[in-house]
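All values reported here derive from a predicted model rather than from experimental measurement. Note on naming: letters A, B, ... go to the chains in the order of the sequence lines (proteins, then strands), and numbering restarts at 1 for each one.
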Protein chains: 2
Amino acid sequence: MAHITVSVEYAIHCLLWLAISDDRALSSRDLAEFQGISPTFLAKILPKLEKAGIVGAHEGVRGGYRLARPASQISFLQIVDAIEGEKPLFDCQEVRRRCALYGDCPPKWASGGVCAIHAVMLQAEKAMRASLALQSLGDIAMRFNRIAPAKFFDEIDEWVDERMAIRTGRSGKPEA
Amino acid sequence: MAHITVSVEYAIHCLLWLAISDDRALSSRDLAEFQGISPTFLAKILPKLEKAGIVGAHEGVRGGYRLARPASQISFLQIVDAIEGEKPLFDCQEVRRRCALYGDCPPKWASGGVCAIHAVMLQAEKAMRASLALQSLGDIAMRFNRIAPAKFFDEIDEWVDERMAIRTGRSGKPEA
DNA sequence: ATAACGCGGACTGTATTGATCCCCGTTACG
DNA sequence: CGTAACGGGGATCAATACAGTCCGCGTTAT
């Protein structure tokens with residue numbers, strides 16, 4: 001369990017596939033099966049991206065998710081915040097106010113402003129967030145486009161087509 | 001519960017007091033009571049600082065801890081690593097290899113090198129660590145010396161003296 | 001010899017994370 | 001129109017990590 005959780009990892013991978021499969025709505029089940037991750041768990045993650053305005057959701061049959069804006073305008077920081085809700089790197093307990101010499105009410109020079117230790121942590125968090133803000137989903141998508149062979153994108157299209165045919169063409173029984 | 005835990009917070013506050021009370025060995029119990037934190041929990045934290053070479057421990061009666069080197073040579077990053085053991089900001093699950101199209105063995109263009117998403121997180125972690133490495137315990141100690149009134153340092157000395165008298169002068173019963 | 005120390009292991013309780021299940025409202029398609 | 005595929009949200013559960021406690025051991029001044 002790390003500070004940036006697997007929920008964020010799943011979210012970014014999903015967004016990457018949405019960025020690559022141009023403007024076709026993919027359902028949470030498709031995204032899960034395509035990547036070998038838990039469908040029910042992914043179904044808890046994608047609504048967070050929708051509420052943050054990163055993806056658009058379409059309900060009902062043939063519904064699914066699309067990017068709400070170009071991948072180049074979606075930063076990693078926005079994704080992390082959408083999933084984890086700006087959880088702080090450090091949770092200051094204000095130990096400085098508990099010094100035995102103060103008794104119950106610490107003097108103002110010891111309790112005013114931001115704790116110096118907290119300030120250091122906030123600066124580190126700021127550096128981390130700035131780094132995440134610099135990278136966009138589009139950057140990663142471009143990198144993927146460079147290294148993946150052209151044939152692979154055709155395979156993706158085929159897989160998605162097959163998926164949609166199974167879901168709606170026949171009813172209920174996939175590949176039985 | 002944040003990425004940088006309260007153990008780190010306790011550790012830094014203790015180190016700050018050690019830096020201020022010049023070269024007098026303070027016991028873990030003294031440090032705990034002085035700051036209003038759990039003595040038993042603090043007793044689990046200080047040995048980590050000792051194994052990391054940040055403080056020196058002196059066993060036996062009248063024992064305690066001292067800084068192992070000048071406060072200006074102790075960075076926040078060293079303290080965090082000493083307590084948390086270089087725990088990563090992000091734990092990559094290598095989702096990229098699980099794509100349904102690959103079957104059991106993903107192609108080398110998809111599994112080689114570092115995952116692009118992981119690389120972004122590593123860069124953010126590097127930025128955070130660089131920020132923590134820039135700040136030293138000495139910086140905070142100097143800031144504290146500026147804002148705390150001169151009288152306060154005398155009070156600290158008195159408190160420590162009284163403590164040591166109680167522990168060794170009489171036996172067992174503090175202020176009874 | 002005693003009692004204050006540091007050190008380490010075993011243990012407990014609680015919060016978070018990862019994950020599952022169920023039910024509801026919505027929507028396309030037959 | 002009815003059915004079944006969708007998204008959305010709540011209840012629940014297991015595993016893990018964190019915060020904190022307890023006990024016993026070896027060491028060392030007095």
Chemist: Using whole Å, report how far NZ of B/Lys51 lies from P of C/dG8.
Modeler: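 Distance, rounded to whole Å: 5 Å.
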Chemist: Between atom SG of B/Cys14 and atom CG of B/Leu31, what is the distance when rounded to the nearest 0.5 Å?
Modeler: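 Atom-to-atom, B/Cys14:SG and B/Leu31:CG are 4.5 Å apart.
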Chemist: At under 4.0 Å, does any side-chain N or O of A/Arg62 touch on OP1 or OP2 of D/dA4?
Modeler: no
Chemist: Let me know, please, whether A/His58 or A/Ser38 comes out on the 5' side of the other along DNA chain C by nearest nucleotide.
Modeler: A/Ser38
Chemist: Let me spell it out: for each of A/Pro47 and B/Thr5, pick the nucleotide of DNA chain D with the closest heavy atom. Which residue's pick is nearer the 5' end?
Modeler: A/Pro47
Chemist: Rounding to an integer number of Å, can you tell me how far B/Ile37 CD1 sits from D/dG20 C1'?
Modeler: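 B/Ile37 atom CD1 is separated from D/dG20 atom C1' by 12 Å.
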Chemist: Hey, does B/Val8 have a side-chain heavy atom less than 4.5 Å from the side chain of B/Glu84?
Modeler: yes
Chemist: Got a second to check how far A/Gln78's CD is from A/Leu49's CG, nearest 0.5 Å?
Modeler: 11.0 Å
Chemist: Given atom CD1 of A/Ile4 and atom C1' of C/dT16, what is their separation to the nearest angstrom?
Modeler: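 Interatomic distance, CD1 of A/Ile4 to C1' of C/dT16: 16 Å.
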Chemist: B/Leu18 has an atom CG; how far is it from atom P of C/dG6, in whole Å?
Modeler: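 About 11 Å, once rounded to whole Å.
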Chemist: Is there a side-chain polar atom (N or O) of A/Ser27 under 4.0 Å from OP1 or OP2 of D/dA5?
Modeler: no
Chemist: Do the charged groups of A/Lys48 and A/Glu50 touch, with an N to O distance under 4.0 Å?
Modeler: no
Chemist: Under the side-chain contact (heavy atoms from CB on, under 4.5 Å) rule, what do B/Ile54 and B/Arg69 come out as? Steps first, then yes or no, please.
Modeler: CA-CA 7 Å; B/Ile54 294 174; B/Arg69 55 179 182 270; 4.2 Å; yes
Chemist: Run the side-chain contact (heavy atoms from CB on, under 4.5 Å) check on B/Ile37 and B/His13 step by step: do they pass?
Modeler: CA-CA 11 Å; B/Ile37 62 183; B/His13 278 278; over 6 Å; no
Chemist: When the distance from CD of B/Glu9 to P of D/dG20 is rounded to whole Å, what number comes out?
Modeler: 10 Å
Chemist: Using whole Å, what does the distance between atom P of nucleotide D/dG20 and atom NZ of B/Lys48 come to?
Modeler: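 The answer, rounded to whole Å, is 13 Å.
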Chemist: Should A/Val160 and A/Phe34 be marked as a side-chain contact (heavy atoms from CB on, under 4.5 Å) after you check the CA-CA gap, both sets of side-chain angles, and the distance that decides it?
Modeler: CA-CA 9 Å; A/Val160 174; A/Phe34 189 68; 5.9 Å; no
Chemist: I need the CG-C1' distance between A/Leu42 and D/dG9, as an integer number of Å.
Modeler: 16 Å
Chemist: Is there a side-chain contact between B/Ser7 and the phosphate of D/dA19, meaning an N or O under 4.0 Å from OP1 or OP2?
Modeler: yes
Chemist: Which atoms form the tightest heavy-atom contact between A/Leu42 and A/Ala32, and what is the distance?
Modeler: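 Of all heavy-atom pairs spanning A/Leu42 and A/Ala32, the closest is CD2-N, 3.6 Å.
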Chemist: Quick one: is D/dC18 close enough that its OP1 or OP2 comes under 4.0 Å of any side-chain N or O from B/Lys87?
Modeler: yes
Chemist: May I have the distance from A/Leu31 (atom CG) to D/dG7 (atom P), rounded to whole angstrom?
Modeler: 9 Å
Chemist: Write down the protein N/O and nucleotide N/O pairs, taken from nucleotides 22-27 of chain D, whose separation is under 3.5 Å; answer none if there are no such pairs.
Modeler:
{"residue": "D/dT27", "atom": "O4'", "partner": "B/Glu59", "partner atom": "OE1", "Å": "3.2"}

Chemist: Just the atom pairs and distances: protein N or O near nucleotides 12-14 of chain D's N or O, under 3.5 Å.
Modeler:
none

Chemist: Determine whether B/Ile156 and B/Phe152 make a side-chain contact, defined as any pair of heavy atoms from C-beta on separated by less than 4.5 Å.
Modeler: yes
Chemist: Does the side chain of A/Tyr10 get closer than 4.0 angstrom to OP1 or OP2 of C/dT17 through an N or O atom?
Modeler: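 The answer is no; no side-chain N or O of A/Tyr10 sits under 4.0 Å from OP1 or OP2.
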Chemist: Does the pair B/Glu33 and B/Arg29 meet the rule for a salt bridge (charged side-chain N to carboxylate O under 4.0 Å, His left out), with working shown?
Modeler: CA-CA 6 Å; B/Glu33 190 166 335; B/Arg29 291 163 185 82; over 6 Å; no
